[in-house]
Amino acid sequence: MDRIRIRGGRQLKGEIRISGSKNASLPLMVASLLTDRKLTLHNVPRLADITTMIQLLQQHGVTVDAAPGENGHAHGTTLTLQAGKIASTTAPYDIVRKMRASVLVLGPLLAREGLARVSLPGGCAIGARPVDLHIAGLKAMGAEIDIDGGYMVARAPQGLRGARYTFPKVSVGATENLMMAAALAKGTTVLDNAAREPEIADLAECLIAMGVPVAGAGTETLTIEGVSALKEATHSVISDRIETGTYAMAVAMTAGDIELIGGRLDLIESAVQTLRSAGVTLEQTARGLRVHRTNGALQGVDVMTEPFPGFPTDLQAQMMALMTRAEGASMITETVFESRFMHVPELSRMGANVTIHHESALVRGVPKLRGAEVMATDLRASVSLAIAALAAEGDTTLHRVYHLDRGYERLEEKLSACGADIERLKG
Ligand code: EPZ
């Protein structure tokens, strides 16, 4: 298994190109199941999760053609997906357990075929992560869903019908699943307390290009008019706001100065406010986002994760890594997932001073971190260890790098091009 070795103490300087968003790309790829027409997606990142989604879609009968990016998207992949015929309505355990976003096929398969059998994903390193909201929403649209042998078995022999559904809790994935199901349902679907994440707006934009009227993206209420057939479309994936925030924190950690090409301040406003309070300068430029911290120490700030537009849970671990070196204390509260502090024991092994009280972690800044052998537990936890390593004394070796490869495209290349001392150790 690959490892990554980082020697801390180098400032990051230069520029980093931000990739297309992983969490936008995955539902967009699934949208191809809604139609027998082609869906072309530009600016898709090259990541392990994208490969897993391609495998899942291929076994459902989708042909997938991947080409190097064009039309100004020279750094991503252009995927052309076409689900001429659905070969299988089953999403098997072997794929779903690897990647939870696989459950997104439930709504589209059910809407198109009247039948879907999707494995329950099971446990996860960051919390229980149930799928009850996906199920309840589809039931409101007329689906019958049973659990059998670890699978959700969903039927809608007469097709799905538009409905009004209020989410009892904000869920990105359930909102996406229901939006896609509603595209082929009879009549209008209104989703209240819907997720407002930029990835939802990106999916809405793509569905509109495919001929589905969707209104209200970015607000709490989404209205989707079902259509009898969707049309061929082309869509360009938004830039990855979590990758943007992650590199912004890495730059802040090393007191560096970087332009994040393609990064968008408006997609991470809450994180930007938090970073500014901590003493980091961020400004939108013509090509992206400039981040620098050239004078003064980092200040401890309190953070609470919340659904968008709040501070993203997917940046919580990275922010904590940054706060380990701040002056003063920082209270970091995780409200989205119940056990997303798996990075804490590993950060502590590098000398961080963090105490967990239920859903909050009290981080007391320390003058120095020391390199160590550390273990990645999930995607964002692993990158938080890389951020800590960039400012640690000596070498850090990060094990289980496959977590990083799920969501960060060429991390070591991007960082070493900006002066980091980082290398991948094969095998
Ligand atoms: C998406 O996961 C992202 N994944 C996650 O990113 C992200 O952390 C999360 O949204 C929150 O922003 C993708 O987009 C592929 P949720 P998702 O449904 O859709 C509870 C990363 O690191 N819930 O919004 O699975 C759930 O347990 C990943 O890139 C239910 O209770 O998240 C959680 O507490 C990790 N019942 C909360 O809602 C349900 O049926 C929010 O989860 C569904 C969710």
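Atoms within each ligand, like the ligands themselves, are counted from 1 in listed order.
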Margin query: Checking a contact table here: which protein heavy atom is nearest atom 26 (C) of ligand 1, and how many Å away?
Written below: F337 CE2, 4.0 Å
Notebook entry, point to check: Does T313, backbone or side chain, put an N or O under 3.5 Å from an N or O of ligand 1?
Noted result: no
Note to self: Any atom of ligand 1 sitting under 4.0 Å from a heavy atom of P130?
What the structure shows: yes
Notebook entry, point to check: Judged by non-hydrogen atoms, does R340 sit under 4.0 Å from ligand 1?
Noted result: yes
Margin query: Please find the pair of heavy atoms, one from A174 and one from F167, that lie closest to each other, and give the distance.
Written below: CB-CE2, 3.7 Å
Note to self: Within the 4.0 Å heavy-atom shell around G173, which atoms of ligand 1 are there?
What the structure shows: 18 (O), 19 (O)
Note to self: Counting non-hydrogen protein atoms only, what is the nearest one to atom 22 (O) of ligand 1? Give residue, atom name and distance.
What the structure shows: R380 NE, 2.9 Å
Item checked: Atoms in ligand 1 flagged as close to R129, the criterion being non-hydrogen separation under 4.0 Å -> 2 (O), 17 (P), 25 (O), 27 (O)
Checklist line | Heavy-atom nearest neighbour in the protein, as seen from atom 24 (O) of ligand 1, with distance rounded to 0.1 Å | finding: V172 N, 2.7 Å
Note to self: Could you tell me, atom by atom, which parts of ligand 1 come under 4.0 Å of a heavy atom of V131?
What the structure shows: 39 (C), 40 (O)
Check: Just heavy atoms, cut-off under 4.0 Å: does D314 contact ligand 1 by side chain, backbone, both, or neither?
Finding: side chain
Item checked: Basic-acidic side-chain contact under 4.0 Å: R349, E373 -> no
Check: If you count the atoms of ligand 1 from 1 in the order shown, which ones are under 4.0 Å from a heavy atom of V336?
Finding: 33 (C), 34 (O), 37 (C), 41 (C)
Check: Judged by non-hydrogen atoms, does K22 sit under 4.0 Å from ligand 1?
Finding: yes
Next item on the list: Examine L133 against ligand 1 and note whether any of their N/O atoms are separated by less than 3.5 Å.
Entry: yes
Note to self: Among all the protein's non-hydrogen atoms, which is closest to atom 36 (N) of ligand 1, and how far away is it?
What the structure shows: D132 OD1, 2.7 Å
Margin query: If we only consider heavy atoms of H134, is any one of them less than 4.0 Å away from an atom in ligand 1?
Written below: yes
Note to self: Working to the nearest 0.5 angstrom, can you tell me the gap between K22 NZ and D49 CG?
What the structure shows: 5.0 Å
Next item on the list: Could you list which atoms of ligand 1 come closer than 4.0 Å to a heavy atom of K169?
Entry: 20 (C), 34 (O), 37 (C), 38 (O)
